[in-house]
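Nothing here was measured: the structure is a model prediction, and the numbers come from that model.
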Amino acid sequence: ALDYGCGAGRSTRFLKQIGLEQVVGVDITEEMLEQARQREMPGTSYQKIRSGVLPFEDGAFDLVFSGLVLLEISSAEEIRKVLAELARVVTVQGTVIIMTCTKEGSITGADSFEPLLTAEHKDNLKDGDPVPTLIKDTGQIFNDYFWSDEFLKAEIEVVGLKVVEVNAPSLKNDTPRFVVYVSKMK
């Protein structure tokens, strides 16, 4: 399996723990990969990449996972580039799983994060709009980017994948804040 945008390796380790034999985590940030390597377990490995450029052969992975990565990408062109690479490295019978935020997830705060959007901006979010977000503990502000469900589904299809399942789990009958797209090759 491939974990695209593995960060500190939490999802890479999770994929290994649920029974996958080998899991490769890739990320663009060396600092995050250093944290991942500190917790490395047998059957996992980590590599630094450039965004949207994977150093693997076509069809190298049965499963490709990317969690909370697309919301960090600022352009539609880069989204398509990343999705095309994910499609390229999955086997013909393989699965690509992408998890990202719903609109509600983009505009609603959590225990540790708070989006800094006006009410008007929340109501009028468009694909590619920056979502300035405050990390409550540190006071640091960073930008995520909003990408609609319609946009993401269309881009997944454009790169040769077919969305076969969409899950938007919610907690305590709350509006879903995350969405999971499960895709196969067309």
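In the hydrophobic clustering of this structure, Phe65 groups with Leu20; members are Ile, Leu, Val, Met, Phe, Trp, Tyr whose side-chain heavy atoms approach within less than 4.5 Å, directly or through other members. Following chains of ILVMFWY side-chain contacts shorter than 4.5 Å, one cannot reach Val90 starting from Val180, and the two form parts of different hydrophobic clusters. Note on Leu71 and Val64: separate hydrophobic clusters, where clusters join Ile, Leu, Val, Met, Phe, Trp and Tyr whose side-chain heavy atoms are under 4.5 Å apart, directly or indirectly. Both Ile28 and Tyr145 are assigned to one and the same hydrophobic cluster, defined by single-linkage of ILVMFWY side chains at heavy-atom distances under 4.5 Å. One hydrophobic cluster holds both Ile49 and Leu86 under the rule that ILVMFWY side chains link at heavy-atom gaps under 4.5 Å.
Counting only distance, with no hydrogens or angles, the side chain of Lys16 and the backbone of Glu21 share a donor-acceptor pair below 3.5 Å. Of the possible polar contacts, one joining the Thr138 side chain to the Gln140 backbone as a donor-acceptor pair under 3.5 Å is found. The closest donor-acceptor contact from the side chain of Gln47 to the backbone of Val26 lies at 3.5 Å or more, if one exists at all. Proximity of a side-chain donor or acceptor of Arg177 to a complementary backbone N or O of Pro169 within less than 3.5 Å is not detected.
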Review item, side-chain donor-acceptor pairs of residues 152-168, under 3.5 Å, at least two apart:
residue, atom, partner, partner atom, Å
Lys153, NZ, Asp149, OD2, 3.1
Glu155, OE1, Arg80, NE, 2.7
Glu155, OE1, Arg80, NH2, 3.3
Glu155, OE2, Arg80, NH2, 3.0
Glu157, OE1, Lys186, NZ, 3.4
Glu157, OE2, Val163, N, 3.1
Glu165, OE2, Asn167, ND2, 2.9

Expected list for residues 2-11: side-chain donor-acceptor pairs under 3.5 angstrom, two or more places apart:
residue, atom, partner, partner atom, Å
Asp3, OD1, Ser11, OG, 3.3
Asp3, OD2, Ser11, OG, 2.5
Asp3, OD2, Thr12, N, 2.9
Asp3, OD2, Thr12, OG1, 2.6
Tyr4, OH, Gly52, N, 2.9

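The list of side-chain hydrogen bond (donor to acceptor under 3.5 Å, both in side chains) pairs with a residue in residues 37-46, not counting sequence neighbours, reads Glu30-Arg37. Sorted by first then second residue, the side-chain hydrogen bond (donor to acceptor under 3.5 Å, both in side chains) pairs that include residues 66-76, not counting sequence neighbours, number zero. Listed by first and then second residue, the salt bridge (Lys or Arg N to Asp or Glu O under 4.0 Å) pairs involving residues 112-133 amount to none (not counting sequence neighbours).
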Kindly indicate, with the supporting measurements, whether the criterion side-chain contact (heavy atoms from CB on, under 4.5 Å) is fulfilled by Val23 and Arg13.
CA-CA 8 Å; Val23 184; Arg13 293 186 302 277; over 6 Å; no

Test side-chain contact (heavy atoms from CB on, under 4.5 Å) on Thr95 and Asp62 and set out the steps.
CA-CA 6 Å; Thr95 302; Asp62 294 319; over 6 Å; no

Going through the distances and angles, do Leu63 and Leu15 end up as a side-chain contact (heavy atoms from CB on, under 4.5 Å)?
CA-CA 10 Å; Leu63 173 68; Leu15 291 169; 4.2 Å; yes

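Within the 4.5 Å cutoff, no side-chain heavy atoms of Thr91 are placed close to those of Phe61. Contact check for Ile98 versus Leu70: side-chain heavy atoms found under the 4.5 Å cut-off.
Listed by chain and number, the hydrophobic cluster partners of Leu117 are Ile107, Leu125, Val131, Phe146, where partners are ILVMFWY side chains within reach of under 4.5 Å, directly or through others.
Interatomic distance, CD of Glu57 versus CZ of Arg88, reported as 9.0 Å (0.5 Å rounding). Atom-to-atom distance recorded for Leu68:CG and Met99:CE is 3.5 Å, nearest 0.5 angstrom. In this structure, CG on Asp58 lies 8.5 Å from CD on Glu85, to the nearest 0.5 angstrom. Atom CG in Leu33 sits 5.0 Å away from atom CG in Asp27 (nearest 0.5 Å). The distance from the CD atom of Glu78 to the OG atom of Ser51 is 3.5 Å, given to the nearest 0.5 Å. Atom-to-atom distance recorded for Leu134:CG and Leu116:CG is 5.5 Å, nearest 0.5 angstrom.
Heavy atoms from other residues, nucleotides or ligands lying under 6.0 Å from CG of Asp174 number more than 12. Annotation for Phe142: atom CZ counts as buried by contact number, over 12 foreign heavy atoms lying within 6.0 Å.
Ser148 and Lys103 are not linked by any side-chain donor-acceptor pair at a separation below 3.5 angstrom, with hydrogens and angles left out of the test.
The minimum heavy-atom distance linking Phe178 with Cys101 is given by the pair CE2-SG, 4.0 Å.
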